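All figures in this text were calculated on a predicted structure; none of them were measured in a lab. Starting from 1, each residue takes its place in the sequence as its number.
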Amino acid sequence: MERAKEAVMPPQTIDELDPKEYIIIKGAKVNNLKNLSVAIPRNKMVVITGLSGSGKSSLAFDTLFAEGQRMYVESLSSYARQFLGRMEKPEVEYIKGVSPAIAIEQKVSTRNPRSTVGTSTEIYDYLKLLFARIGITYSPVSGQVVRRDTVTDVVDYVYTFEEGQRFMITAPLRHDKSRTLNDELKVLLQKGFTRLSVDGNLLFIEETLEKGTKGIKPANIHILIDRSTVNHEDEDNRFRLSDSVQTAFYEGEGVCIVEMLGKETRTFSDKFELDGVTFEEPSINLFSFNNPYGACRRCEGFGKVLGIDEDLVIPDKNLSVYEGAIAPWRSEKMNEWQVPLVKNGIRFDFPIHRPYQDLTEKEKQLLWTGNEYFDGLDAFFRYIESKTHKIQYRVMLSRYRGRTTCPECKGSRLRKDAAYVKVGGKSITDLVLMPVTKTSQFFEELELAPYQQKVAGRILVEIRNRLSYLDKVGLGYLTLNRLTSTLSGGEYQRIKLSTSLGSALVGSMYILDEPSIGLHPRDTQKLISVLEMLRDLGNTVIVVEHEEEVMRMANQIIDIGPDAGSHGGELVFQGNLDEIREADTHTSRFLNGTDQITVPRIKRRWTDYVEVKGGREHNLKNINVKFPLGVLTVVTGVSGSGKSTLIKKVLYPALSKIYGNYSDESAKFDKIDGSLSLLTSVEFIDQNPIGKSSRSNPVTYIKAYDLIRNLMADQALAKARSYKPSHFSFNVDGGRCEVCQGEGEVKIEMQFMADIYLKCESCGGKRFKGEILEVKYKDKDIADILEMTIDDSITFFADKNKLLEKLYPLQEVGLGYVRLGQSSNTLSGGEAQRVKLASFLGKGNPNQGSTLFIFDEPTTGLHFHDIKKLLHAINALVEQGDSVIIIEHNMDVIKCADWIIDLGPEGGENGGYVTFAGLPEDLIKLNDNHTARFLREKL
């Protein structure tokens, strides 16, 4: 411990440090911090680590970032500052040397159905600009370039001919139907024109009027604007020609005809048209799906429509048409739609006995469109729609409806003609549907004409930079069209990180919350290089992190502890990686190997399983996967290999439908098979908040608060005053503070930044009225009890067995440091996930022994020490007869699995295969497997 003490900054020397070189925090008491003083070196990469709940986030976000934000607002206008009297300073003696602070947290803060990876990184804004400025429009009819001709184009064309070449400039007569042809010709005379060209013959207008216009079709009449010869030396001749061309465009309403006598005739148009089609000129709005002008008319820019879902119409792709692959045609009445296809299939060579999945794209399409021998599915559903006045047809239609990719824009969200505009042979639609790695490669290799290069130079620099940053943070497998709301917390955080890099700020303080979450160890290295780039630009990078790889690259490590909750909040170590190995803290013991997560000696065996067949959602390559029951299974693989797709989009929704809690997202797979009768429910324990409102908290979620309220209502004073258990609830009127409605804090809406939550002035944050707080149990009122940590409350309620039964599971999953009444919106994703786990460890789960639990990266936010506790809790589920599947990258969890399913071999397009299924000990024998390479070090 001596070494650790040397590394800690003695408080008395902190006043002597220079704020230009250090960010100095003195006497921080926020949450559980115990008068903590620390000096963080500027322009360095600093990792703050420690047990979960030791006070890392309190130091990084609630103290440092809160002060940075407050100081930023102080620099704003007096209007903004009127709120500041109430924007509380963090509880700290002083903080010196704070730079502008940027916090990059894990919360996916947008559920906006229009927000995509492209829009949130601003890459899409640059793409719109690029296509609007240098995009070339191609006609879908002939594939020719669509362009409008200018006066200069016509003049340059004429001057390509040799000296003395005679030519005529004419314009088609635009005949106004409200006038006779004679009247039209008289108007031309008044305008000063004298001749016409009719079927190639020159006629004087006056003569034509005298003779009469009988037999002359207006469509064959051209106005003679000018006649001349090519004279390369005569400048006046060029000016006169330009003038005539301008007149021809005006009179011909955009059309000018140049006849080079004895050679050729060419028509020029200053309209944006070709092949008889008028095209939209490229503009920024044409490429914006958030604008009615550019959005696809069918789906209004959402990319999805409520349509007929192919997977519901043909649920089992292994069946042939003859065997009844088409579900709506199986009934006796509707079978009459199938009979013509089965009878006449031989006439147009359609294989009615071949499984649907083996049909070619053309044959699959034919089932929908039909031909002269049979009506296809499109016609069938149009017929059903025409009968929806009858209830049975409405029911039938609803059975096959789902959210499907818009057939018009193919999910690109843009109107059809936006795809006619191309840069380097690719449309904006092509680019947003490609993985970022490929898009980045396309722009690196893009070669433009000198003029285009001049126009687009600056835009291309921005696009290339931002795409390369996205690739560097390990998100090369995403497409720019991917919805932000479908990203994991870690992916969203890394997108914000790449956006910060793209804006290239300097002199700032970046505070990151576990950026390595959701990253395979192979990709962590890329992330570290990005953090180093951010630091080398001249920023202070502060990372709250447990990943050993990140600690290794840090300039300095700050360890907060020694334990969690009320036993944490102290600076136990500050120094580099070599020094911390010599110290004596929870972190150092794991780093130097004295404390380890041990591999179970005996792995559980299994015989029963659930099998997904033909999974092919997103990048999954039509895979079959067996998930064992009754054991701990870990699904792993590099970032973007298809783990989340397989579990969240295929397995979980499929099982949810079977066990009743129907999920509307239907993924693409053939069927789900195996020992399905052994399960009665499936629980997906993700990192979403435990409650929809800020009133939800751990003690209400695990149903322990009812017991506490009953206990308080049983006290003598409560009985004397006739207080019911409801008086001790902050969710209903009666005992709660009416100013803050039992929230303990009041929300101030800020128009220009995040909303601010301030302690309620009426109850001082205690949530209850003063008279309710007079009721005490063992000298503590209800507010004091809610402020206790789980660990403290277990000691406090030692004699209340029923209550202890509810509280123990929270302690077992490593949440002993969380306060009983802590608002759910202050819990991290990993903490919320563990509260959910605790609720199943209690005795209240009616499906105990027949539940399949699915965890999405449960080690999020966990220190090595806490992963031990978590594994113990998860194994307790397996011991009680349940099955557990974990999506995970943490090698300590992977090595303890009974069965591993590894996806890969790479991310994105090159992923989606099962590269391994078996025991951890067998996985490490593989040579060309990324997971095996890192797991070898742990086994």
Side-chain angles (χ1 to χ4, degrees), residues 137-161 164-231 237-281 417 420:
T137 307
Y138 292 87
S139 163
V141 182
S142 63
Q144 299 293 316
V145 175
V146 183
R147 56 194 294 271
R148 61 164 76 238
D149 295 313
T150 62
V151 172
T152 312
D153 291 333
V154 183
V155 173
D156 289 348
Y157 164 73
V158 170
Y159 274 85
T160 57
F161 289 87
Q165 169 68 43
R166 293 170 63 230
F167 64 86
M168 288 196 308
I169 306 286
T170 64
L173 177 72
R174 299 296 177 199
H175 182 216
D176 187 345
K177 294 286 192 300
S178 64
R179 291 200 285 249
T180 64
L181 184 55
N182 275 12
D183 290 343
E184 197 75 70
L185 295 180
K186 283 173 186 171
V187 170
L188 285 178
L189 269 177
Q190 287 166 359
K191 285 183 180 175
F193 296 109
T194 56
R195 299 187 189 202
L196 303 171
S197 168
V198 182
D199 295 328
N201 302 314
L202 286 183
L203 304 173
F204 282 101
I205 294 176
E206 285 179 335
E207 281 180 18
T208 308
L209 282 170
E210 283 170 15
K211 288 179 183 175
T213 55
K214 200 174 179 188
I216 299 177
K217 291 180 182 171
N220 297 343
I221 302 175
H222 290 172
I223 311 162
L224 179 65
I225 308 289
D226 198 0
R227 288 195 298 179
S228 185
T229 56
V230 177
N231 188 339
N237 195 26
R238 190 180 272 266
F239 284 130
R240 171 184 155 180
L241 175 57
S242 301
D243 221 27
S244 302
V245 172
Q246 188 83 51
T247 307
F249 275 138
Y250 177 74
E251 291 299 332
E253 288 183 1
V255 178
C256 161
I257 298 162
V258 179
E259 197 178 327
M260 305 306 289
L261 298 176
K263 294 214 167 162
E264 61 183 67
T265 300
R266 185 162 159 193
T267 304
F268 291 87
S269 169
D270 72 351
K271 290 181 182 168
F272 204 62
E273 61 183 18
L274 189 68
D275 303 324
V277 183
T278 302
F279 294 88
E280 289 293 337
E281 282 206 60
D417 47 356
Y420 302 156

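Checked against a 6.0 Å centroid threshold, the rings of Phe161 and Phe167 do not count as neighbours.
Between Tyr157 and Asp149, every side-chain heavy-atom pair lies at or beyond the 4.5 Å cut-off. Residues Ile225 and Tyr250 are not in side-chain contact: their nearest non-hydrogen atoms beyond the backbone lie 4.5 Å or more apart. At a threshold of 4.5 Å between non-hydrogen side-chain atoms, the residues Thr265 and Val258 do not count as touching. Using a 4.5 Å heavy-atom cutoff, the side chains of Phe193 and Thr247 are in contact. Counting heavy atoms from C-beta outward, Leu203 and Lys211 have side chains that stay 4.5 Å or more apart. Leu274 has its side chain out of reach of Val141: every pair of non-hydrogen atoms, C-beta onward, lies at least 4.5 Å apart.
The side-chain hydrogen bond (donor to acceptor under 3.5 Å, both in side chains) test with Glu251 is passed by exactly one of Arg174, His222, Lys191, Gln246: Lys191. Of the candidates Leu224, Thr170, Leu188, Leu188 is the only one forming a side-chain contact (heavy atoms from CB on, under 4.5 Å) with Leu196.
When all heavy atoms of Cys256 and Ile169 are compared, the closest pair comes out as SG-CG2, 4.0 Å. The shortest heavy-atom contact between Thr229 and Asn237 is O-ND2, 3.1 Å. Across all their heavy atoms, Gln165 and Met260 have their closest contact at CG-CE, 3.6 Å.
By the neighbour-count criterion of 12 heavy atoms within 6.0 Å, atom CZ of Arg166 is sparsely surrounded, having that number or fewer from other residues, nucleotides or ligands. At most 12 non-hydrogen atoms from other residues, nucleotides or ligands lie less than 6.0 angstrom from CZ of Phe204. Around atom CD of Glu206, no more than 12 heavy atoms belonging to other residues, nucleotides or ligands sit under 6.0 Å away.
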(request) Carefully, step by step, assess Tyr420 and Glu280 under the rule side-chain contact (heavy atoms from CB on, under 4.5 Å). (result) CA-CA 10 Å; Tyr420 302 156; Glu280 289 293 337; over 6 Å; no
(request) Test side-chain contact (heavy atoms from CB on, under 4.5 Å) on Val245 and Phe268 and set out the steps. (result) CA-CA 10 Å; Val245 172; Phe268 291 87; over 6 Å; no
(message) Is there a side-chain contact (heavy atoms from CB on, under 4.5 Å) between Thr194 and Ile205? Walk through the geometry before answering.
(response) CA-CA 6 Å; Thr194 56; Ile205 294 176; 5.6 Å; no
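One distance of note links CD1 of Ile223 with CG of Asp226; it measures 13.5 Å at 0.5 Å rounding. To the nearest 0.5 Å, atom OG1 of residue Thr150 and atom CZ of residue Phe249 are 7.0 Å apart. The OG1 atom of Thr208 sits 9.5 Å away from atom CG of Asn182, with the distance rounded to the nearest 0.5 Å. To the nearest 0.5 Å, atom OG of residue Ser139 and atom CG of residue Asp417 are 12.0 Å apart. Interatomic distance, Ile221 CD1 to Ile216 CD1, rounded to the nearest 0.5 Å: 5.5 Å. Here the CD-CZ distance, from Glu273 to Arg148, works out to 9.5 Å after rounding to the nearest 0.5 Å.
Remark: the backbone N or O of Asp153 is not paired with any side-chain donor or acceptor of Asp156 at under 3.5 angstrom. The backbone N or O of Ser142 lies less than 3.5 Å from a partner atom in the side chain of Asp275, making a donor-acceptor pair.
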